[in-house]
Amino acid sequence: MKISFKSVIRISVLVLLAVLVGISIYSMNARMLGGNALPMPFGFGMTVVLSGSMEPELSVDDLLIVTPADTYEVGDVVVFQTQRTAVVHRIVAINGDEIITRGDANSSDDDPITLQNIKGRVVCAIPFVGLIVNLIKTPVGTVILLGLAFWLLEASFKKEKAQKQTELDAIRREIEELKKANEQPTQQPEQEPKEEPKEEPNQEPKQN
């Protein structure tokens with residue numbers, strides 16, 4: 001069975017949307033029920049920058065990929081939880097069990113935290129993608145995104161179907177033309193009548 005490239009794209013979009021919506025629902029439940037500001041169902045988490053405290057390295061609406069680590073060092077940009085809020089700041093000092101953090105754009109340090117407060121280290125930042133993530137996190141945004149995705153997939157499917165129908169119609173017309181051509185009797189070329197040789201009259205010999 002041959003699968004077209006457009007079919008692969010449609011399936012990929014549906015799978016991606018399903019994963020994003022699933023992660024969004026899981027994250028909302030973890031925050032609301034368990035008080036976990038940054039759940040990591042697959043060993044990594046995603047969070048969005050909400051303020052400019054880490055400018056110029058991180059900007060508002062950047063999407064951050066966070067992974068947990070066993071140890072942290074001064075200079076690491078980490079995500080830690082205070083009550084039910086996730087904060088993204090840089091480690092500026094480690095004093096025994098106390099870890100001091102501060103935003104790059106801030107002039108003062110944060111309150112000390114411990115290793116248990118840190119959710120993970122920032123390993124990747126994707127600019128502006130946080131806008132989409134924040135939209136997905138809301139029920140209205142989820143419905144809008146799913147509706148838009150369904151509309152795009154349906155429009156693509158209809159366009160592909162119409163194109164296939166056009167190709168089929170063209171093939172049918174060619175078949176009909178071939179049938180008509182075969183049904184017409186073949187005309188033999190007219191042959192000119194052959195001229196029969198003329199018989200010369202017998203001449204009697206002259207008598208003297």
Give the table of side-chain donor-acceptor pairs shorter than 3.5 Å for residues 121-132, with sequence neighbours excluded, one pair per line with atom names and distance.
{"from": "Arg121", "atom 1": "NE", "to": "Asp76", "atom 2": "OD2", "distance (Å)": "3.3"}
{"from": "Arg121", "atom 1": "NH2", "to": "Thr71", "atom 2": "O", "distance (Å)": "3.0"}
{"from": "Arg121", "atom 1": "NH2", "to": "Asp76", "atom 2": "OD2", "distance (Å)": "3.3"}

Using a 3.5 Å cut-off and no angle test, enumerate the donor-acceptor pairs between side-chain atoms of residues 165-174 and protein atoms at least two apart in sequence or in another chain.
{"from": "Gln165", "atom 1": "NE2", "to": "Asp169", "atom 2": "OD1", "distance (Å)": "3.2"}
{"from": "Thr166", "atom 1": "OG1", "to": "Ala162", "atom 2": "O", "distance (Å)": "2.9"}

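Atom CD in Glu98 sits 10.0 Å away from atom CG in Asp111 (nearest 0.5 Å). Considering CE of Met46 and CG of Leu64, their distance stands at 11.0 Å, rounded to 0.5 Å. Between the OG1 atom in Thr47 and the CG atom in Asp62 there is a gap of 11.0 Å [rounded to 0.5 Å].
At a threshold of 4.5 Å between non-hydrogen side-chain atoms, the residues His89 and Asp110 count as touching.
Ala105 and Gly52 make their closest contact through CB-O, 3.5 Å (heavy atoms, listed as atom of the first residue, atom of the second, distance).
Under a 3.5 Å cut-off, the side chain of Arg102 and the backbone N or O of Ser108 do not form any donor-acceptor pair.
Chaining together hydrophobic side chains whose heavy atoms lie under 4.5 Å apart places Val87 alongside Tyr72, Val74, Val78, Phe80, Ile91, Ile94, Ile99, Ile113, Leu115, Ile118.
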**Message:** Run Gln81 and Asn117 through side chain to side chain contact (heavy atoms under 4.5 Å, CB included) and show every step you take.
**Reply:** CA-CA 5 Å; Gln81 182 169 343; Asn117 297 115; 5.8 Å; no
